[in-house]
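When reading the values below, keep in mind they use all heavy atoms of this one structure, side chains included, and skip hydrogens, waters and symmetry mates. Residue numbers begin at 1 in each chain, while the letters A, B, ... track the order of the sequences.
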Protein chains: 2
Amino acid sequence: MNEKDELVRKEILDEAQKLFRHFGWSKTTMEDIAKAAGKGKSTLYYYYKSKDEIFDEVLTREMDEVFRKLQEEVNKVQTAEDKMRTLCLTRFNILKEKANLYNVIRGDIEANIPRLRDLHRRYELREISLVRNILRFGLERKEFAQYAADDIDSIAFAMVCAFRGLEVGLLVENKFAALEGRMDLINDILMRGLKTKNSDLSKE
Amino acid sequence: MNEKDELVRKEILDEAQKLFRHFGWSKTTMEDIAKAAGKGKSTLYYYYKSKDEIFDEVLTREMDEVFRKLQEEVNKVQTAEDKMRTLCLTRFNILKEKANLYNVIRGDIEANIPRLRDLHRRYELREISLVRNILRFGLERKEFAQYAADDIDSIAFAMVCAFRGLEVGLLVENKFAALEGRMDLINDILMRGLKTKNSDLSKE
DNA sequence: TTTGGACCGAAAAACGATTTTGGTCTAACG
DNA sequence: CGTTAGACCAAAATCGTTTTTCGGTCCAAA
């Protein structure tokens, strides 16, 4: 596999990405992709095993881009609380421009399609990982109380689900404009909760 | 409208509920319902305007039952924190036996169907109301910090969404067994957050 | 009040024919 | 070796037509 090959593969993916983005999976044919890339259909199969594989790589590229950008934004702020806030607020904005990926993540697509299940899973793991890293960061800096170290994976998972639930709840009602405020709110409460040492809890 | 009428209406609803529960909306016909109720189809239309109306009343009954049970369970415990916990843990167990209602609530059903939109909305308002009441209760008892009184509605909404998000996240992965632990976790953090007075926050 | 039954139109389902599409394969060409 | 046109295949999708179903209306009879 040399540079020339990589170039061809990239060209195919670039064109496929545009088409998938515009027409979606079903309406984009291999013939379409071949034409757009200025190749023969046979060439597509020389470099890729199937339409599935092309789609998978396209979405993986998008996912990589999403997490690169998220990481950049998160790195711009200094506290774990701000990082978490940034993550929540930035996530939606970045994702909404990637229709196919967003649909996969939201689970709207029938979960029985193996290729989408895998993509969904991979995305989820990365997001949870990102949140976990922020939690760890906050623990190291003593920003968060030590009790949170007990089950950091579960907390990360739960938080990802919570934020996503809020996003869905607002979008169902077309209240996108309220997203920032609401995210701030739940994030604030969670942050307070994570910062509260056992010894700080009010006595009953 | 007299007692006799109410009896007939109830009988129709009882049978309809069974059928909808078993066969779902689409596969249950008015003829089916009529036969099951031992009535003529014309009788159904004498008492109800349409299939939609019957469905709506069936689901409303189920909703009433759900909230009655939830309120009972919540009333059994004494602190706002325990009430919230009970709500989270009990909700799924009660709802999972009401397939049609649960589907409406989860938003899996096409949001474009007016009758389902309304049902969904009504359920949502009631659940948020329930959470709001628990929050108020916690504020009155000084269980929760006063800052939470600033926007109690938004907090209630966000919490409902968060719990629901967690539920969805776990169910997608068939991790029903982890539901209780995870709900406890996020609830714990949220409760800590709600209990933390502004003056309790660590200084940076 | 109840309801069988006729009726209607729209939607859904069924059906058979046709087309499309992902994928395979091969040989020719540079 | 890389590229690819084009033949080919089976399965799936699409299409147009026909048939059936179903929610709802209506009416007259008991």
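Panel note: side chain B:Lys195, backbone B:Glu143; no donor-acceptor pair is recorded below 3.5 Å. A donor-acceptor pair under 3.5 Å is formed between the side chain of B:Asn100 and the backbone N or O of B:Phe20. Between the B:Arg141 side chain and the B:Thr79 main chain, no donor and acceptor come within less than 3.5 Å of each other.
At whole-Å resolution of the value, CD1 in A:Ile12 and C1' in D:dT4 are 12 Å apart. With rounding to whole Å, A:Glu6 atom CD is found 15 Å from D:dG2 atom C1'.
Side-chain contact, A:Thr90 with A:Asn93: no donor N or O sits under 3.5 Å from an acceptor N or O.
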How does each nucleotide of nucleotides 21-28 of chain D score, in 5' to 3' order, for protein heavy atoms under 4.0 Å: base (B), sugar-phosphate only (S), or none (-)?
-> -SBBBB--
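Listed by chain and residue number, B:Glu173 satisfy the side-chain hydrogen bond (donor to acceptor under 3.5 Å, both in side chains) test with A:Arg121 (two or more places apart in sequence, or in another chain).
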Using the salt bridge (Lys or Arg N to Asp or Glu O under 4.0 Å) rule, take A:Arg85 and A:Glu180 through it: C-alpha gap first, then chi angles, then the decisive distance, then the call.
-> CA-CA 9 Å; A:Arg85 178 172 183 276; A:Glu180 183 170 338; 3.6 Å; yes
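In the 5' to 3' direction, nucleotides of DNA chain C lying under 4.0 Å from heavy atoms of chain A begin and end at C:dT21 to C:dC25.
Within 6.0 Å of NZ in A:Lys10 there are 12 or fewer heavy atoms belonging to other residues, nucleotides or ligands.
Residues B:Lys69 and B:Glu65 are paired through a salt bridge, judged by an N-O separation under 4.0 Å between the basic side chain and the carboxylate.
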